[in-house]
Structure formats: C-alpha cells, structure tokens
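The basis for the numbers below is simple: all heavy atoms, side chains too, and nothing from hydrogens, waters or symmetry mates. Remember, it's a predicted structure, so these values are computed and weren't measured experimentally. Residue numbering restarts at 1 for every chain, and letters A, B, ... go by the order of the sequence lines.
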Amino acid sequence: MTFAQLVEGSVHDAAPALLGWTLLVDGVGGTIVEVEAYEESDPASHSFGGPRGRNAVMFGPPGHLYVYRSYGLHACANVVCGPAGTGAAVLLRALGPLHGLERMRARRGVEPARLLCAGPGRLCQALGIGAEHDGAALEQPPFSLQPPSAPPEVAATPRVGITKAAERPWRYVVRGSPWLSRGPRPA
DNA sequence: CAGTGGATGCTCT
DNA sequence: GAGCATCCACTGT
C-alpha cells in the first residue's frame with residue numbers, strides 16, 4: 001500500500017492506517033502514534049457545511065496538508081484524505097520522536113523527549129510546520145514519509161478537546177505507545 | 001496528581 | 001463579540 005493509495009481511501013480506513021508511518025520535515029520527525037478522523041458530515045469538523053474560507057484545502061486532493069491555527073497560538077496539521085472534494089482529513093496528534101531531536105528541542109525549548117511531539121500544537125512546533133505549509137503536498141520536499149516495517153496494534157477512543165460529536169470514537173492510537181498526547185493508555 | 005485560568009488570532013454571526 | 005480540533009504555569013491537596 002503506497003501513501004497515495006492509503007490517503008485516497010475512506011478517512012475511517014486511512015486514519016488508523018497512518019499509524020506507524022514515519023513523517024519527516026526537512027529530516028526532523030518520527031513515527032505517527034496518534035491521529036483523529038474528521039469528515040464533512042461531522043459537526044466537529046472544520047469542513048462541516050461545505051468549502052468556505054480557511055477549509056478550502058480540505059476539499060482539495062488527498063495527500064496534502066491542511067494547517068490551521070488553534071486558539072491564536074498553535075498550528076495543527078491534518079492529512080487530507082478520501083476522494084478529492086469530500087472534505088475529510090486526519091489530524092496528526094502525536095509522534096514518537098526519532099530524528100532531529102536537537103532541532104526539536106531548539107524549537108520547543110529544553111524539554112523531556114516525552115513532550116516534544118505529544119499534542120497537535122507541540123508536534124507542529126517541533127517539526128517547524130506552520131501556516132505556510134497549508135496546502136503543501138506531503139510527497140514533496142521538505143516532507144518525506146516511510147511506511148511502517150510492521151503494522152502497529154491500533155486502539156480507537158473518543159476524540160480529544162472537542163465539544164461537538166465528542167462521543168464518536170474516531171481517535172486512533174498505537175496501543176501502549178509512550179508518546180501519546182494524554183494518558184492513561186486505552187485498554 | 002487534579003483543577004483552573006490566561007495567552008492570543010482568526011472565522012463566523 | 002463569541003467560540004475555538006491548545007498549551008503552559010500556577011494552585012491546592
């Protein structure tokens with residue numbers, strides 16, 4: 001399964017399948033361990049209600065980045081998924097840091113490795129992802145992706161930090177990973 | 001540990 | 001003017 005094939009499928013298949021992939025930005029990054037799925041019919045999604053303003057990228061081709069600013073301060077990165085125009089995306093919530101740890105620390109400040117990429121805002125800060133990457137293709141530099149050597153064991157849980165449709169179990173994590181944005185780990 | 005509140009900017013009403 | 005897919009520092013046990 002190539003990355004392009006993966007992201008053009010249903011977001012509910014693509015989200016868990018993205019776990020275990022290694023994402024690098026200019027050589028800095030790690031293994032995806034936590035994601036959330038969003039789709040157009042989902043009241044919690046930025047694409048809810050159709051293409052407008054900032055969400056235009058979500059209705060473009062899959063495999064591109066949708067980057068938005070949260071609470072005025074933090075950038076958050078999504079992978080556009082599904083057939084082009086369907087308004088679905090996968091929010092990247094946590095990575096296991098593998099490469100460029102010193103550059104991550106320089107961007108984030110001195111921190112335990114545990115907190116470098118544990119959360120959508122932290123992950124973007126550590127990898128240097130910002131609004132200038134909104135709409136960028138993930139299969140082009142400075143981005144690179146490598147498939148997992150073996151598929152990780154996946155658990156589904158409710159999504160984090162939203163008020164609408166909060167009960168939908170569309171957060172997917174690598175079971176037992178020490179790098180998740182919040183514990184305790186799901187059973 | 002858990003719980004609280006401030007920072008900060010963009011979109012939509 | 002309200003609300004937000006967040007993070008951090010601070011408080012009290």
Side-chain angles (χ1 to χ4, degrees), chain A residues 7 10-12 14-16 18-19 23 25 30 32-60 62 64-82 86-97 101 103-136 138 154-174 177-186:
Chain A
V7 295
S10 158
V11 69
H12 298 293
L18 279 168
L19 297 176
L23 169 66
V25 182
I32 299 171
V33 296
E34 176 178 347
V35 300
E36 289 177 358
Y38 290 87
E39 62 175 35
E40 185 179 0
S41 63
D42 171 6
S45 174
H46 291 177
S47 59
F48 184 66
R52 275 186 327 277
R54 69 171 167 175
N55 69 16
V57 170
M58 288 185 79
F59 290 90
H64 289 237
L65 261 191
Y66 164 55
V67 181
Y68 68 95
R69 187 182 292 270
S70 178
Y71 293 88
L73 298 170
H74 308 287
C76 298
N78 299 250
V79 180
V80 177
C81 287
T86 55
V90 172
L91 171 67
L92 301 177
R93 287 197 54 92
L95 304 184
L101 285 257
R103 289 188 65 191
M104 293 185 192
R105 285 203 177 86
R107 288 169 175 149
R108 298 235 340 110
V110 178
E111 299 240 357
R114 158 105 253 276
L115 295 179
L116 285 175
C117 300
R122 291 166 175 161
L123 178 163
C124 285
Q125 188 181 17
L127 272 59
I129 295 174
E132 69 274 21
H133 296 110
D134 189 36
L138 281 165
V154 175
T157 82
R159 294 177 291 183
V160 170
I162 57 173
T163 54
K164 289 171 284 199
E167 74 290 353
R168 301 187 189 189
W170 290 350
R171 171 178 180 249
Y172 300 96
V173 303
V174 175
S177 170
W179 304 113
L180 303 183
S181 66
R182 58 180 64 191
R185 265 108 49 198

First and last nucleotide of DNA chain C touching chain A, 5' to 3', heavy-atom cut-off 4.0 Å? C:dC4 to C:dC8
For a quick check of understanding: with a heavy-atom distance under 4.0 Å over all strands, which category does A:G53 fall into, base, sugar-phosphate or nothing? nothing
Once you round it to whole Å, what is the distance between P of B:dG9 and CG of A:D134? 18 Å
Does A:A14 have any side chain to side chain contact (heavy atoms under 4.5 Å, CB included) partners at least two apart in sequence or in another chain, and if so, which? A:L6, A:C81
Under the side chain to side chain contact (heavy atoms under 4.5 Å, CB included) test, residues paired with A:Q125 that sit two or more places apart: A:R108
Sequence-distant partners of A:R54, side chain to side chain donor-acceptor pair (under 3.5 Å), two or more places apart: none
Calculate the interatomic distance between A:M58 atom CE and B:dT11 atom P; express it in whole Å. 15 Å
Which part of the nucleic acid, if any, lies within contact of A:R159, taking any heavy atom under 4.0 Å across all strands shown: a base, the sugar-phosphate backbone alone, or nothing? nothing
Partners passing salt bridge (charged side-chain N to carboxylate O under 4.0 Å, His left out) against A:R52 (at least two apart in sequence or in another chain): none
Please identify each residue that fulfils side chain to side chain donor-acceptor pair (under 3.5 Å) with A:Y38, with sequence neighbours left out. A:E36
Check the phosphate of B:dT11 against A:R52, side-chain N and O only, distance under 4.0 Å to OP1 or OP2. Yes or no? no
Per-residue pairing states of DNA chain C in dot-bracket (Watson-Crick or G-U under 3.5 Å; . unpaired, | other strand) read ||||.|||||||.
Taking ring-ring contact (aromatic ring centres under 6.0 Å, His included) as the test, write out the residues that go with A:H74, two or more places apart. none
Tell me, please, which residues at least two apart from A:D42 pass side chain to side chain donor-acceptor pair (under 3.5 Å). A:R159
Let me have a per-nucleotide readout for nucleotides 3-8 of chain B, 5' to 3', with B, S or -, counting only protein heavy atoms under 4.0 Å. ----BB
Check side chain to side chain donor-acceptor pair (under 3.5 Å) between A:H46 and all other residues, then give those that pass, not counting sequence neighbours. A:Y66
Looking at residues at least two apart in the chain, or sitting in another chain, which of them share a side chain to side chain contact (heavy atoms under 4.5 Å, CB included) with A:L73? none
Starting at the 5' end of DNA chain C and moving along, which residue's nearest nucleotide shows up first, A:R69 or A:P120? A:R69
Flag the pair A:T86 / A:P62 as yes when at least one side-chain heavy-atom distance between them is below 4.5 Å, and no otherwise. no
Side chain A:E39, main chain A:V11, donor-acceptor under 3.5 Å: no
